[in-house]
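Order of listing sets the numbers, starting from 1, for every ligand and every atom in it. The residues of the chain are indexed from 1 along the displayed sequence.
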Amino acid sequence: MTQIVLAGRMAQLSESATLALNARAKQLAAEGKTIYNLTAGELATNTPEYIQTAVAQTLHLNKYTAVAGLPELREKIATEARDFYGLDWIAAANVVVTAGAKPALFAALQVLINPGDEVIVPIPAWSTTYQPLIELAGGKMVEVTLTDDAYDLDPQAIAAALTDKTKAVIINSPHNPTGTIFSSEALTELARLLKGKQLSVIADDIYNKLVYQPDFSLPASHGFENLVIINGFSKSQALTGWRIGYLIGDSHVAHAATSLLSHVTGNAAVPSQQAALAALRRHDQPPQATIETLKQQRQIVVDGLSSIPGLRHNIPGGAFYVFLDVRDLTDDSTAWCEKLLVKTGVALVPGEAFGAPGFARLTFVTDEATLRAALVHLKDFVVKGALA
Ligand code: PLP
């Protein structure tokens with residue numbers, strides 16, 4: 001048999017690093033090792049009952065829908081976003097329902113980016129997926145670091161990175177991997193600096209309903225021009241496996257994304273669209289119990305981490321991540337995470353996956369006993385000198 005030669009574009013494409021680590025932790029668990037898996041990017045709860053009940057009534061619906069989604073769903077997403085962000089230009093025609101937020105990002109980048117274009121991504125970021133999606137469109141990811149103290153946007157640094165090739169800036173708040181919510185001051189300043197530029201602002205808002213701090217505002221409410229909002233129901237409704245998301249953009253962007261997806265996924269699965277409709281009847285709010293549990297888990301982790309010498313951490317305002325600064329402990333956070341996993345069973349995602357060597361991401365969505373045990377092991381590991 002002749003050797004199959006893959007297309008050149010596959011050379012720089014590897015599996016998502018976050019998914020790979022999660023898989024490795026699961027594999028060790030299957031081999032019988034006790035694993036404290038703090039790598040996940042999803043809630044631990046089951047699909048909410050009200051979604052299960054609503055979808056069960058509609059299982060007979062088996063036909064293709066419009067590629068951009070059920071008209072009623074597009075209408076409801078538009079209404080919800082209009083009210084949530086205070087953006088009156090958003091109508092059903094601006095909404096494209098997709099099979100998760102990832103295809104929404106894929107479509108947005110495919111329709112906006114030409115070969116050679118640059119996309120600014122504030123780092124650390126979920127670059128493990130942003131970068132390949134940018135590169136699949138022929139673009140180049142340009143990293144600009146967040147502020148060192150608070151992981152906030154640095155508007156002046158972003159403005160300084162603009163070139164005549166800059167086609168988009170990706171802003172994700174609440175933020176993966178730090179859980180930070182970018183400050184209103186930084187967003188307002190960035191919107192001012194980008195005014196009149198020929199570029200799009202892609203607001204990845206997938207964590208916008210998982211927020212713990214009382215006062216916050218999100219990128220889409222700050223007057224950015226050429227805004228594309230990426231969102232979905234994966235994180236807010238514990239629907240990661242149902243694959244349901246959307247993009248909202250100018251009518252040209254929405255139309256082009258629909259044409260593209262008509263040849264790739266077609267419409268998002270009908271039961272998942274029905275699940276989204278059910279979620280929107282409650283304004284896509286996660287069950288209150290979910291938020292309360294997350295707040296408790298966040299507190300347990302923040303308290304536990306504060307007692308570990310040499311390890312710095314932030315206090316997240318949203319999402320379900322804490323970002324650990326391990327630069328005082330190691331020069332190689334991938335090796336450090338690997339050793340932590342093998343020695344103690346605690347699985348974290350090394351900062352390299354987010355363009356931030358010297359850091360590690362901890363997800364706090366797991367039961368209290370697991371969290372507390374993981375924190376004890378982590379402290380022990382650090383205190384005894386991890387790589388000694
Ligand atoms: N955007 C960010 C920042 C994420 O962290 C994730 C998932 O981890 C996604 C988008 C993708 O969401 P979905 O599972 O709906 O494709």
Within less than 4.0 angstrom of ligand 1, does [X] place any heavy atom?
X    : value
H175 : no
G232 : no
T240 : no
Y207 : yes

- request: Verify whether the ring centers belonging to Y36 and H377 lie closer than 6.0 Å.
  value: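 Here the rings of H377 and Y36 have centres that are less than 6.0 Å from each other.
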query: So, for Y321 and G41, which heavy atoms are closest and what is the spacing to 0.1 Å?
result: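 Of all heavy-atom pairs spanning Y321 and G41, the closest is OH-CA, 3.5 Å.
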Which of the numbered atoms in ligand 1 are under 4.0 angstrom from any heavy atom belonging to [X]?
X    : answer
K102 : 11 (C), 16 (O)
R243 : 13 (P), 14 (O), 15 (O), 16 (O)
S234 : 13 (P), 14 (O), 15 (O)
K235 : 6 (C), 7 (C), 8 (O)
N172 : 3 (C)

Cation-pi geometry met for K235 and F320 (6.0 Å, 45°):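 No cation-pi geometry.
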field: R282 NZ/CZ over Y50 ring centroid, <6.0 Å and within 45° of normal
entry: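 Judged by the rule (NZ or CZ under 6.0 Å from the ring centre, within 45° of its axis), R282 counts as positioned above Y50.
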- request: Might you work through the side chain to side chain contact (heavy atoms under 4.5 Å, CB included) test for S234 and E42, ending with a clear yes or no?
  value: CA-CA 8 Å; S234 298; E42 59 190 343; over 6 Å; no
- prompt: Any idea how Y212 and F364 line up, ring-wise: parallel (<30°), tilted (30 to 60°), or perpendicular (>60°)?
  reply: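 Because their plane-to-plane angle lies in the 30° to 60° range, the rings of Y212 and F364 count as tilted.
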Geometric class of the F323/F359 ring pair [parallel <30°, tilted 30-60°, perpendicular >60°]: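 It falls in the parallel class, under 30°.
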field: Top protein contact for atom 3 (C) of ligand 1, by heavy-atom distance
entry: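 Its nearest protein heavy-atom neighbour is D204 OD2, 3.3 Å.
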message: Regarding E72 and K76, does a basic nitrogen lie under 4.0 Å from an acidic carboxylate oxygen?
response: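 Yes, this pair counts.
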- prompt: Evaluating non-hydrogen atoms only, which member of F106, W126, F233, Y321 is closest to atom 10 (C) of ligand 1?
  reply: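 Comparing heavy atoms across F106, W126, F233, Y321, the nearest one to atom 10 (C) of ligand 1 lies in W126.
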task: Return the option from P174, S173, A101 holding the heavy atom at the smallest distance from atom 12 (O) of ligand 1.
output: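 Nearest option to atom 12 (O) of ligand 1, by heavy atoms: A101.
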